[in-house]
Amino acid sequence: MKYDHNKVEIKWHRKWLAEKIYEPSFKFAKNPFYNLMMFPYPSAEGLHVGNMYAFTGADIYGRLKRMQGHDVFEPIGLDGFGIHSENYALKIGQHPADQAKISQKNFYRQLGLIGNGFAWNERLETYDPEYYKWTQWIFVQMFKKGLAYRKKSPVNWCPSCKTVLADEQVVAGTCERCDSVVVKKELEQWFFKITNYAEKLLNNLEKIDWSERIKIAQRNWIGKSEGLIFSSPVKDTNLIIETFSTHFEAFTADTFVVIAPDHPLLSRLLDGVPNKSEILVFCKRIISERKKDHYDKKDSEGIFTGRYTVDPVGNGNLPIWVASYALAEYGTGIVKCSAHDERDFAFEKKYGIKLKPVLFPKDPEHRKKIEDLEECYTDMVNGYLTEPPEFAGRKAEDIRREIVKYVVKKNLARPVTKYKLRDWLISRQRYWGPPIPMIFCGPPAGGCGWQPVPEEDLPVKLPYIKDFKPTGTNQSPLASDEKFYKVECPKCGGEARRETDVSDTFLDSAWYYIAYLAKITNHKSQITNPFSNPLNKNWLPVNMYIGGAEHSVLHLLYVRFLAMVFHDLGLVHFEEPFPKFRAHGLLIKDGAKMSKSKGNVVNPDEYISRHGADALRMYLMFIGPFGQGGDFRDAGMKGVTRFLDRVWKLSQISNVKSQKDNQGLEKRTHQTVKKVTEDIENLNYNTAISALMILLNEMEESQREISQVELEIFVKLLAPFAPHMAEEIWREVLGNKESIHVSEWPKHDSKLVKESEVDLVVQVNGKTRSVIRVKVGLSQEEIEKTARSDQNILKYLDSVKKIIFVKDKLINFVS
RNA sequence: GGUCCAGUGGUGGAAUUGGUUUACACGCACGACUUAAAAUCGUGUCCCGAAAGGGAUGUGGGUUCGACUCCCACCUGGACCACCA
């Protein structure tokens, strides 16, 4: 009988749904396993093969867990709010709300085709008011806790698209959509105080089992650095400035100070300086030119402020300059500078400031160059100090700690920890997102200030407005909808104005894993309070989370941050939402990144209809290690379609053939069980599939002697990868009543896995000269005897001085 | 510029407490079947060499009886971050 993949796959999709094999019994589950994959944002023409790749990889893991006896919950939903979706709607001239309905239908259709074990009943969409009601509720809790606040801040602005852009839409200083240069604009914005949790976000990384590269990225992003703050008075003023330094070993080398052009203290510093206005004009220009392009270290610009500070370490008066390379938002925004920093050095040279090197290399010739100021020397590890006298002649890396003690004792500085992490800018002046649930009560009325929308009034529904395009007026399109923004103050009842900005998409996705569980209690559209859900205790945190590495410092940091806040508010019982996370690799196409502009995006639909979902799944997983990604080439499909054809053929003949035992095959089968199980646990799907191919090859060779038991084991091992064909063979060919996907995963017999004979390598001076087939466990004497009589070895054995023997592996004659 | 990862046949890739380099698959070549092609099946396929043998895991060095694997330097590619003091 021929295998018609289209028919078979649709048949099982229907049956699986009817039999509810992918809906765990939530209340009575003994062995809950929450298997979560990052949900997609339906931004473009549909699901592309990269999504398919990610979901299939996650699904295979879930299927193993299910067959191993876990109650697996594998939900799916759409991250449909946000700029991505809105941009797509803009592009094709649709209203985002209308487009969402179309995309939703198409995405769920496509997601259905790949045959994953999704719990369809619990699916959710972030633009559903029942969902974003709770997104807004979370905002309100953040505000009440003092973790949501407003601040004026420069944001990315695309002059051509006339809109604010999210950071992630700014690629190398230009707009992702039109390549225009992005400029900074000062706007008052809502922020979440993620910096409060910097230390915990960093420390908890030690406790969670995540792909190491993601942990590294988060550590770098949080950017903890320990340094010293020196403070010193500014002459002729009553100001005191503080400077931050992490490379403070050469602290006596400082000869001047720079301050950021946008530093809040600058204006007061310049009070009384004759050319104040000239300096401020300079600062304004620098600020506006910033971020236009990549920074060039040699191109620093500066201007002298006319002020001096008294150096705390005794270098006299240090001139204070405004420098383009000083950042107001890092450290204290003011830096003490020396000859031992590349940027400082270039700046000093450019403006003829006095230099005083105190750190030198050992090599005298090299040292001379530093003394003559021909070269900048920055090696705080191998350099030797000449100052202060207490540390003269000592290596920089050896005395870091001592210097801290020294300066603290002398009251010159204090140790401080700083982070690169900045607060999360949460507002967006766009339409397609959850309105921020805040109301401002100004002076004409009670002047109550910012008030949260009362919880019973949530959700603040996003109105359907015709003109949803970005306005270019620093305000969301909602600001032109009077019905929306004109409200009463919840506190005094006076006339007030509703916040018209919406929140960042990453807030939507920062709590969705909790929302899926809230869907269970009510299968309609309502989400009952997700944080008082009794199921949370049993089902959270998520057991396995799989997703793309591109979210390593966005989504994956925000979601951890919010979980910590929830924990501190007593809303959840865990701090880390995903104790185990694995990043999958990037799927490229013919050597290039898939992108719409290149026109090389692969739509999975045609592959599924031509070869079947099973073949596509297997091909995607066979390309390479799941954690590393792979290159999608049409030619590669052939290998797995052949494999599946052969599996089908084998199933058609084997059940009528004899049941005779075949010891070789039995051993291979058990070895394969072990290998496939371990490989799936480690997400090494490519080698698991290759092991199945090897087993199939051997089964074909010994066709007449396959027992039903071995075929059953084979089909079970295949089930996570090719769920449809495995089910078809399991039920229709082998006659089982219950689904293979809830059957028991095979276990290997460790006795049967062991080989009784091995190929033992015979080497002479480390070169392989012969391979002998021997029984396992033979002693050196026995092996030596056999090896010495080997024809290929005899001629080398004249002057053996030493013999290296590794049991069951090799013997090496060294002469 | 910083951080991290990778470099193995014609191609995707296998191989890790250091122990037979190239599993599995694609492609290619030849053969079978066919009027023919596709599909399928079989055989072969790292390089040099008739063979014996030698060489080969980006390059150069080191440690070791033995290195794809560990160490040092460099080259190339990729990812993320990027004026972070």
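Each chain gets a letter, A, B and so on, in the order its sequence line appears, and its residues count up from 1.
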Of the nucleotides U20(B), A15(B), C84(B), which one has an atom closest to the side chain of Arg422(A)? C84(B)

Are Leu692(A) and Phe643(A) close enough that some pair of their side-chain heavy atoms sits under 4.5 Å apart? yes

Closest to side chain of Lys649(A), choosing from U40(B), C84(B), A85(B): U40(B)

Going by heavy atoms in the side chains, are His611(A) and Lys638(A) under 4.5 Å from each other? no

Are Arg343(A) and C84(B) close enough that a side-chain N or O sits under 4.0 Å from OP1 or OP2? yes

Starting from P on G78(B), measure out to CG on Asp631(A) and report it in whole angstrom. 14 Å

Write down the partner of U64(B) under the Watson-Crick or G-U wobble criteria, each distance required to be under 3.5 Å. none

What does C41(B) pair with, Watson-Crick or G-U, if both distances are under 3.5 Å? G31(B)

Starting at CG of Asp262(A) and ending at P of C83(B), how long is that distance when rounded to a whole Å? 13 Å

Using the P atom in both, what is the distance from G77(B) to C72(B), to the nearest Å? 23 Å

Return the value, rounded to whole Å, for the distance between atom CH2 of Trp221(A) and atom P of C81(B). 7 Å

Test the Arg642(A)-Trp648(A) pair against the cation-pi criterion, namely NZ or CZ under 6.0 angstrom from the six-membered ring centroid and within 45° of the ring axis. no

Taking atom C1' in both C46(B) and U57(B), what distance in whole Å separates the two? 11 Å

For Ile804(A), answer base if it contacts any base atom (sugar-phosphate contacts may also be present), sugar-phosphate if it contacts only those atoms, and nothing otherwise; contact means non-hydrogen atoms under 4.0 Å. base

Val404(A) vs Glu226(A) side-chain heavy atoms within contact, under 4.5 Å: no

Can you sort out the partners of Phe191(A) under ring-ring contact (aromatic ring centres under 6.0 Å, His included), two or more places apart, ordered by chain and number? Tyr149(A)

Protein-nucleotide distance (Lys675(A), atom NZ; A23(B), atom C1'), rounded to Å: 9 Å

Tyr330(A) ring centre to Lys418(A) NZ or CZ under 6.0 Å, with the angle to the axis within 45°? no

What distance, rounded to whole Å, do you find between the two P atoms, one in A6(B) and one in U69(B)? 13 Å

Looking at A51(B), which nucleotide sits across from it as a Watson-Crick or G-U wobble partner, both distances under 3.5 angstrom, or is there none? none

note: Met621(A), atom CE; G13(B), atom P; distance rounded to Å ~ 14 Å

Rounded to whole angstrom, note down the C1' distance from U22(B) over to U11(B). 13 Å

How close or far is atom C1' of A39(B) from atom CG of Leu644(A), stated in whole angstroms? 16 Å

For atom C1', what is the distance between U16(B) and A67(B), given to the nearest Å? 11 Å

Would you mind classifying the nucleic acid contact of Gly333(A) as base, sugar-phosphate or nothing, using non-hydrogen atoms under 4.0 angstrom? base

Judged by each residue's nearest nucleotide on RNA chain B, which is more toward the 5′ side, Glu550(A) or Thr332(A)? Glu550(A)

Nearest-Å distance, CG (Asn684(A)) to P (G12(B))? 19 Å

Could you measure between the two C1' atoms, the one in G18(B) and the one in C65(B), and give it in whole Å? 12 Å

Hey, does Ile241(A) have a side-chain heavy atom less than 4.5 Å from the side chain of Ser232(A)? yes

Distance between the P atoms of C24(B) and U43(B), in whole angstroms? 12 Å

Could you check if the base of G18(B) is syn or anti? Syn means the glycosidic torsion is within 90 degrees of 0. anti

Has Lys349(A) got more than 12 heavy atoms of other residues, nucleotides or ligands less than 6.0 Å from its NZ? yes

Polar contact flag, side-chain donor to acceptor under 3.5 angstrom, Ser225(A)-Thr246(A): no

Should Lys767(A) be listed as having a side-chain N or O under 4.0 Å from OP1 or OP2 of G55(B)? yes

For Asp759(A), answer base if it contacts any base atom (sugar-phosphate contacts may also be present), sugar-phosphate if it contacts only those atoms, and nothing otherwise; contact means non-hydrogen atoms under 4.0 Å. base

Return the pairing partner of U3(B) with a 3.5 Å limit on both distances, Watson-Crick or G-U wobble; otherwise return none. A79(B)

Can you tell me the pairing partner of A85(B) across any strand shown, Watson-Crick or G-U wobble, with both distances under 3.5 angstrom? none

Hey, does the side chain of Arg213(A) come within less than 4.0 Å of C81(B)'s phosphate (OP1/OP2), counting only N and O? no

Using the P atom in both, what is the distance from C41(B) to G66(B), to the nearest Å? 46 Å

The side chain of Pro625(A) lies closest to which of these nucleotides: U20(B), A14(B), U40(B)? A14(B)

What nucleic acid atoms does Lys420(A) come within less than 4.0 Å of, heavy atoms only: base, sugar-phosphate, or nothing? base

Between CG of Leu557(A) and C1' of C81(B) the distance, given in whole Å, is 14 Å

Using the ring of each side chain (for Trp, its six-membered ring), is Phe721(A) parallel, tilted or perpendicular to Tyr685(A), with breaks at 30° and 60°? perpendicular

Which residue lies more 5' along RNA chain B, comparing Leu810(A) with Asn686(A) via nearest heavy atoms: Asn686(A)

Annotated protein contacts, base or backbone, on nucleotides 25-33 of chain B with a non-hydrogen cut-off under 4.0 Å, one of B, S, - each: SSS------

On the side chain of Glu342(A), is there an atom forming a donor-acceptor pair with the base of G1(B) - under 3.5 Å, no angle test? no

